[in-house]
Amino acid sequence: MITNIFKTKFIRKTHSSRKRRYELLVRDYGNDLYRYAYWLCKNQHDAEDLVQETYLRAWRFIDDLADDKVAKSWLITILRRENARRFRVKPVEYIDIEECNLFTEDSGSDDNETLREKILGLNDKYREPLLLQVLMGFTAEEVAEILSLKLNTVLTRLARAKKQLRDEHVETNGVRCEA
């Protein structure tokens, strides 16, 4: 009888701390997850669905997260895998990029619009590491882990993405920007 009482209290406490840990993850990283999902989906509703699927999977496997210091990259990895599942399950309906509002500050600015178009014009293998580093704030090492790539591959892709953006800037404006 006493053993059952202790087990019940332990289960409640474990569930409570699990729930609290999950709530902290959602609170701390929810905006980052949505921002990255929006870049991937280019659609508000799909991004919201993708984040919800990420939350569901995170809840199911939250006990597998051994170190909270890697929670952000763990969640981004889940989000990327959930995004890949979308393509296996059903064909994706694309929308016009003009409906996107990715920049919260000065979203009407021509410079921001031009930059967004140029970033979206990059090949996926260059765009994704760039977005993870610039938009999400991951280091090159963390990007390599998230994308399951070697560090040198990530560094090369980041350099090539930035070079392509600089070269397009020169073509468009005729002004060389500093590297």
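Only heavy atoms go into these numbers, but all of them, side chains included; no hydrogens, no water, no symmetry mates. As the structure is a computational prediction, the values presented were derived from the model and not from experiment.
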Checking [X] side chain against [Y] main chain: does a donor-acceptor pair fall under 3.5 Å?
| X | Y | value |
| --- | --- | --- |
| R35 | L135 | yes |
| R80 | I146 | yes |
| R157 | L130 | no |
| K72 | F138 | no |

Residues forming a side chain to side chain donor-acceptor pair (under 3.5 Å) with D68, sequence neighbours excluded: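 With sequence neighbours excluded, D68 shows a side chain to side chain donor-acceptor pair (under 3.5 Å) to R21, given in chain and number order.
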
Partner residues of K125 under the side chain to side chain donor-acceptor pair (under 3.5 Å) criterion, sequence neighbours left out: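 Scan of K125 (side chain to side chain donor-acceptor pair (under 3.5 Å), adjacent residues dropped) gives none.
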
Take atom CG in D64; do more than 12 heavy atoms of anything else shown fall under 6.0 Å from it?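 Correct, the count exceeds 12.
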
For atom CD of Q164, decide whether the heavy atoms of other residues, nucleotides or ligands shown that lie under 6.0 angstrom number more than 12.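 Yes, CD of Q164 has more than 12 neighbouring heavy atoms, counting only those of other groups under 6.0 Å.
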
With rounding to the nearest 0.5 Å, note down the distance linking NZ in K19 to OH in Y22.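 Those atoms lie 11.0 Å apart.
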
Output the distance between atom CH2 (W74) and atom CD1 (I62), rounded to the nearest 0.5 Å.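 Separation between the atoms: 5.5 Å.
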
Do I76 and E142 come close enough that some side-chain heavy atom pair is under 4.5 Å?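 No, side chains not in contact.
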
Quick one, Y126 and K162 - any side-chain contact, counting heavy atoms below 4.5 Å?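 Contact flag for Y126/K162 side chains = no.
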
Is there a path of hydrophobic side-chain contacts, each under 4.5 Å between heavy atoms, that joins V70 and L149?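 Yes, same cluster.
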
Between L75 and D32, is the side-chain contact (heavy atoms from CB on, under 4.5 Å) condition met? List the steps. CA-CA 10 Å; L75 288 167; D32 290 336; over 6 Å; no

When you check the side-chain N and O atoms of Y34 and Q44, is any donor under 3.5 Å from an acceptor?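 Short answer, no.
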
Ion pair present between R86 and D49, side-chain N to carboxylate O less than 4.0 angstrom?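 Salt bridge absent between R86 and D49.
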
